[in-house]
Amino acid sequence: MSLAVMLKVLRRHALMPALVLLQVALACAILCNVLFLVWQRVQPMVAPSGLAEDELVLVDQITSRVRPWTGADVRAGQLALSRTPGVRYASAALGLPMIGTMMVDYTLQSPRGVKVGVNGYFGEGLVKSLGLQLVAGRDFLPSEYQEFGVNQPSSGVPDTGSTESIIITESLAKQLFGDQPAVGQILQVPDEPDGHGYQVVGVVRHLMRNQLALATDGRADNTMLTARRVGDTAMVGYAVRIDPAMREVALRGIRAAINEAFGPLLSEDIPVKITTYAERRHDALRGARAALWLFAGVTMAVIVVTAIGIMGLTGFWVQRRTRQIGIQRALGARRSQVLRYFMVENLLIAGAGVLVGMALAYVANGVLMRHYELPRLPWSYLPIGGALVLLLGQLAAWSPARRAAAVPPVVATRSL
Amino acid sequence: MFGYYLDLAVHSLRRNKVLTALMVLAIAVGIGASMTTLTVVHLLSGDPLPGRSHTIFYPQVDASPKGKDSDEPLDMLDYRSAVDLWSARRADRQALLVQSQVRLNTADAGKPAVMTMMLSATTDFFTMFDVPFRYGGPWSEQDDASRARLAVISDDLNQKLFAGGNSVGRTLRLRDSDVRIVGVLKPWRPSPQFYAVRGGRFAAGDTSDFYARPEDVITPFFTGLDINDGNFQQFTCWHMPARPGHLQDAPCVWVALWVQIKDAAQVAAYRRFVADYAAQQQAIGRFTHAGNTRLRDLMGWLDFNGVLPGNVRLQAWLAVAFLVICLVNMVGLLLAKFLRRSGEIGLRRALGASRAAVFAQYMVESGLIGLIGGAFGWLLTLVGLWLIRQQPVAYADLVRLDVPMFLLTFVAAIGASLLAGMLPAVRACRVVPAWQLKTL
């Protein structure tokens, strides 16, 4: 049967198709937005961390109750940790992956004027302690490290005339410099107009930032390491890389080493946290997981309700036309043709609904974006959501269409 | 007539149980989801001090040398500005507030020490915010000035430590100091914990911590500074403090000042007083600018901080959109249901029923579906609220269905299904009797 005839039938009985269309449009609008929200939450979960995850133990919240730790305290702790059995490397650090208690953020500006917001991690030897993979350039030289703490310039501006060395990630290098090699390039921090600039000395494959809310849309790796040694500070943490075969021994040793190094001065009020990377990651992503369950629930509910609606309406639609179907069958239409007719009809209605729905999704996202600090829905979500809804429509129409195809030709002869 | 239509409706709903079940399910799920989220919105966006919030104000001056007149001032006060404004006593009541984490040793019980939040406030805190006491009462202004070692404890803590008895006169050990209990509160759970709201504009919608429980221990302001010295957290600093946790002389903001001004005419005078204070501080060189002082009232301050968590608002939007889907779904199913009975309608019309009568009959049927859907929707709302109570959010224990929301559940369910039934009922009463009778 030709498309023109199909459209004519739909136009003549416009109410039923219009309702299906409306349902499909609403479902499409909601699903596009929910899929987008899901993806926003999933990205920090699937982004590669770049770390030696199995070997990493994170220690933080080492807080003093009397005076800030001095650079010497911090180094003594680092030494004690690195001598602990089962520990390969240890670095004192300000800012660590998956830990939100201390975050350092910068805006980096490339010579081409590209500005990128990044998180920074400070600490000596972090490339080794975190198990990062260098893909270009080199690690910091021991002579490059400068001490950073309360009594050093607090704005973070290097006080020598030279530039400060930094290591960035591959993704960050791409954003800042395009295809040019990053090593040797100079970056500025626009918030520090009298800054002397930062020179890229190395590039690592991945390193996840600790501001997880921003780890979306290709920004998960917007991270840099600076050649700074932790100086005097109120609170310090350590990245400790252990031999995974000796995990239990190492964890016990780490606790003992911390108690020995900082012991009498440790604040009794704020307990030191010693956890494996996996535990930290689990805690840090708790909120995102709860949100995912909620969105999964919404998606399921929308799908079920829409499927019920389409099935019910199509079923009624088929029932009303039982006699016409019988006539068609009597005149020689095959079962497969009847089946195909109803499936194509559903595709047509749902297709129109999806078009309306995609426009609606975009408008709804615009409203949400203006009022609720959501990012812009990328165009690419619209066809994905649309395809999903079309598939849903076809599945829902399948059973009523089968019923239509099963109408025997003899119906045509009844009550005529 | 209504009874007869009800009878017909029950009969009709029984005839096609699957279709009826689907419709009831659609309305129940839609109402359940919407009412769950709307209840949360309702509970979280209310006035924490009904009847008095318009007299409560939050003065702000900007001590940061990094600020500008065109910027919002920082969300809290530096110690000196806070104490200066407080001790001027230009408002009817004024309270300095600061929170800190403190170690609580239970002096007598052999229980281990716990970390708890302590609020340190001057005595007007209790009268200004109408905090209810079970035993004892607030301390005096004299106690504030003399840094008396006193405390008021929450009902929760009193249950935990003293099994709910009158513990006035007993002793608590806070860090390394003994304090005497002078008052025990009744259960008090403002929503949000309005006096501790700040920094909402930096929270990117993640504001569920504004709904935390009030602190278990409340001490006089200056007493708290003494006994918990070194454990105070800044809101922000423009230089690192020389001694962490000791902020009295640090370049940091960390103290909140709340004032009550009962006479609306006095508000302008107080606003001018705050501006004059800032100008005077600029004149003596302590401030770099004085043009961005603020005096927001309580609800204005909560609005400014966007206290309703972003994901709660988002969930409410999603739920309402979902309800719309459910309604469209119901329109379709009702239409299918009603028009299947075209023959019956034709017969009624031929026997003299008016269009209005047919319309009424089908509206009654829609309303009945709404009522049943509402009942199931109410159950689903209870389930939804239970799920929210299981979430690790600060407002979890606040979430319950109150009477207005319970009623709204049914009103919304019946209203929604009447709305959904309108179009199908109109179509049904337009059925031409003659056509239908022919096919009977």
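No hydrogens, no waters, no symmetry mates; every other heavy atom, side chains included, goes into these values. Here is the naming used below: chain letters follow the sequence lines, and residue numbers restart at 1 for every chain.
- With chain B as the partner, the residue from A:Ala290, A:Gly312, A:Gly287, A:Ala301 showing the most heavy-atom pairs under 4.5 Å is A:Ala301.
- Interface remark: of the candidates B:Ile325, B:Leu19, B:Leu318, B:Ile325 forms the most heavy-atom pairs closer than 4.5 Å to chain A.
- Classification of the A:Trp69-A:Phe262 ring pair by plane angle, with boundaries at 30° and 60°, yields perpendicular.
- For chain B, the option among A:Leu15, A:Leu294, A:Asn33 with the highest count of heavy-atom pairs below 4.5 Å is A:Leu15.
- With sequence neighbours excluded, no residue forms a side chain to side chain contact (heavy atoms under 4.5 Å, CB included) with A:Ala213.
- Aromatic ring pairs are classed by plane angle as parallel below 30°, tilted from 30° to 60° and perpendicular above 60°; the pair A:Tyr381 and A:Phe36 is perpendicular.
- B:Phe304 pairs by the ring-ring contact (aromatic ring centres under 6.0 Å, His included) definition with B:Trp301, not counting sequence neighbours.
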A:Gln23 and B:Asn329: side-chain hydrogen bond (donor to acceptor under 3.5 Å, both in side chains), yes or no, with the steps?
CA-CA 7 Å; A:Gln23 273 191 14; B:Asn329 188 23; 3.2 Å; yes
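- By the 4.0 Å N-to-carboxylate-O rule, A:Arg321 lies close enough to A:Glu345 to be salt-bridged with it.
- Between chain A and the options B:Leu22, B:Val328, B:Val331, the largest number of non-hydrogen pairs under 4.5 Å is found for B:Val328.
- In this structure, A:Phe342 has its ring center no closer than 6.0 Å to that of A:Trp317.
- For a residue to count as touching a neighbouring chain, one of its non-hydrogen atoms must lie under 4.5 Å from one of that chain's; by this rule A:Met16 touches chain B with the side chain only.
- Most heavy-atom pairs under 4.5 Å with chain A, from the set B:Gln101, B:Arg427, B:Gln391: that is B:Arg427.
- Neither the backbone nor the side chain of B:Asp229 comes within contact range of chain A; no heavy atoms are under 4.5 Å apart.
- Looking at B:Leu423, only its side chain comes within 4.5 Å of chain A, counting heavy atoms on both sides.
- Contacts between A:Val34 and chain B at a heavy-atom distance below 4.5 Å involve the side chain alone, from C-beta outward.
- Within the 4.5 angstrom heavy-atom criterion, only side-chain atoms of A:Ile30, from C-beta onward, approach chain B.
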